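All values reported here derive from a predicted model rather than from experimental measurement. For reference, positions follow the sequence shown, starting with 1.
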Amino acid sequence: MAAIAAGAWFYFNPQEVESANSGLTTQELALPVATIQEQGSSANALNLSSETLPKISTEEPSLGSDQALPALENSDDFFREQVARLSPGFSPWLKEDELIRKFVIIVNDFSQGLRIYKHMKPFTLTEAFIAEKDNQGLYLSPKSYQRYNQMASAIDDINVKDGLQTFRTLNALFQQIFKEFSYPESYSVDDLFQKAAAEILTAPVIDSRIALTKAKLGYKFNDPKLETLNPVHKQMIRMGPQNTRIIQNKLRLLTEGLANMMP
């Protein structure tokens, strides 16, 4: 699951390729430079011991004769069922249609460090971003972080073993969208998810006051080092340090488990 949230002033317009039989667009993006496995020993890079990881079968799970994998165009109910079973807290983000397509497209964006507004728009939060002012000027209010508490809690509730088995169950459906990106055969959908997770895991965690500056649309970070971060890292900062830690801690376990499952 990804950290899906608002932030309308970050809008990108990359080269796009129309997806067949869909009103949604997919992007033809450059191959990511490195997957998380190439950043060093995965257990060391993620600060995990193999003893903390569940033993997951690398075989594709059998759904049984009474639960065949649905066709992609009819997969919304199945996807909702699988995700809600992992964590009921995800329910508010499962009301859209073409859920798997939208989910994989966002993962693809995140793997590039991108956060594309028109892909995120269906999952925008209803609560407004909160900036406050003190004697030092504008700053990001801790009250704004609370908008993401439910998302962080839903991610934290995922059982790692169940999450990895669900990923394997849905993998064939993910593959159908992944093929539209035209990546080289050496780059897999597992690599895509690993790279997206790596972007989230490398986001900074900031406990101190974050100064803001008014922009044409919304606000921007006053610190140039923060303002030049990629959109995924900025999104994690807007979620607040506590929520970022919760999400990163769970992703470390899920990512390491996925790496152990990969051939």
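Using a cutoff of 4.0 Å between basic side-chain nitrogens and carboxylate oxygens, Arg252 and Glu256 are not scored as salt-bridged. One finds a salt bridge joining Arg168 and Asp190 here, because a Lys/Arg side-chain nitrogen approaches an Asp/Glu carboxylate oxygen to under 4.0 Å. Lys250 and Asp157 are not joined by a salt bridge, as no carboxylate oxygen comes within less than 4.0 angstrom of a charged side-chain nitrogen. Checked for salt-bridge contact, Arg209 and Asp134 meet the test: a charged N lies under 4.0 Å from a carboxylate O. Under a 4.0 Å N-O distance rule, the pair Arg245/Asp156 does not qualify as a salt bridge.
When side chains are defined from C-beta on, Phe129 counts as touching Arg147, because their heavy atoms get closer than 4.5 Å. The shortest side-chain heavy-atom distance between Ile155 and Leu251 does not fall under the 4.5 Å cut-off. In this structure the side chain of Thr228 never reaches within 4.5 angstrom of the side chain of Phe221, judged on heavy atoms. Within the 4.5 Å cutoff, the side chain of Phe178 has heavy atoms near those of the Tyr187 side chain. Contact of the Phe90 side chain with the Arg80 side chain is not registered, since no non-hydrogen atoms from C-beta on lie closer than 4.5 Å. In this structure, the side chains of Ile100 and Phe78 stay at 4.5 Å or more apart for every pair of heavy atoms. A 4.5 Å side-chain heavy-atom check between Val232 and Leu114 finds every atom pair outside the cut-off.
Residue Arg101 is tested with Glu96, Glu180, Gln176 for a side-chain hydrogen bond (donor to acceptor under 3.5 Å, both in side chains); the sole match is Glu180. Of the residues listed (Glu227, Met239, Arg115), the one engaging Lys234 in a side-chain contact (heavy atoms from CB on, under 4.5 Å) is Glu227, and it is the only one.
The distance from the CZ atom of Phe79 to the CG atom of Leu99 is 6.0 Å, given to the nearest 0.5 Å. Between atom OH of residue Tyr139 and atom OG of residue Ser144 there is a gap of 11.5 Å, rounded to the nearest 0.5 Å. For the atom pair CG of Leu201 and CD1 of Ile247, the computed distance is 10.5 Å after rounding to the nearest 0.5 Å. Rounding to the nearest 0.5 angstrom, the gap separating the CD atom in Gln235 from the OG1 atom in Thr244 is 9.0 Å. To the nearest 0.5 Å, atom CG of residue Asp97 and atom NZ of residue Lys102 are 4.5 Å apart. With rounding to the nearest 0.5 angstrom, the OG1 atom of Thr202 is 8.0 Å from the CD atom of Gln248.
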As a quick check of understanding, evaluate side-chain contact (heavy atoms from CB on, under 4.5 Å) for Gln194 and Leu258, giving each step before the final call.
CA-CA 8 Å; Gln194 291 273 32; Leu258 180 59; 4.0 Å; yes
For Leu72 and Ile177, what are the C-alpha separation, side-chain angles and deciding distance, and is it a side-chain contact (heavy atoms from CB on, under 4.5 Å)?
CA-CA 9 Å; Leu72 179 62; Ile177 307 302; 3.4 Å; yes
Give the intermediate values and the outcome of side-chain contact (heavy atoms from CB on, under 4.5 Å) for residues Phe181 and Val104.
CA-CA 10 Å; Phe181 301 135; Val104 176; 3.9 Å; yes
Begin with the C-alpha distance, continue with both residues' side-chain angles, and end with the deciding distance and a verdict on side-chain contact (heavy atoms from CB on, under 4.5 Å) for Val83 and Trp93.
CA-CA 10 Å; Val83 175; Trp93 294 280; over 6 Å; no
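Remark: side-chain polar atoms of Ser111 are not paired, donor with acceptor, to backbone N or O of Ala196 under 3.5 angstrom. Formation of a donor-acceptor pair under 3.5 Å by the Ser75 side chain with backbone atoms of Pro70 is not found in this model. His233 contributes a side-chain N or O that, together with a main-chain N or O of Glu199, makes up a donor-acceptor pair within less than 3.5 Å.
The two atoms that bring Ile237 and Pro204 nearest to each other are CD1-CG, 3.9 Å, heavy atoms only. Of all heavy-atom pairs between Leu69 and Ala172, the closest is CD2-CB, 3.7 Å. The minimum heavy-atom distance between Pro241 and Tyr145, with the atom names listed, is CD-CE1, 3.6 Å. Taking all atoms of both residues into account, the shortest heavy-atom contact from Gly163 to Ile158 is CA-CG2, 4.1 Å. For the residue pair Asn159 and Asp162, the shortest heavy atom distance occurs at OD1-N, 2.9 Å. The shortest heavy-atom contact between Gly89 and Gln150 is O-NE2, 3.4 Å.
For Gln242, the CD atom is loosely surrounded, since the number of other residues' heavy atoms within 6.0 Å does not exceed 12.
A tilted orientation is assigned to the rings of Phe167 and Phe174, their planes being inclined by 30° to 60°.
In the hydrophobic clustering of this structure, Ile246 does not group with Ile206; members are Ile, Leu, Val, Met, Phe, Trp, Tyr whose side-chain heavy atoms approach within less than 4.5 Å, directly or through other members.
Remark: Lys214 is positioned above the aromatic ring of Tyr219, its terminal NZ or CZ atom under 6.0 angstrom from the ring centre and at most 45 degrees off the axis.
Under the 3.5 Å distance criterion, with hydrogens and angles disregarded, no donor-acceptor pair is assigned to the side chains of Gln112 and Asn108.
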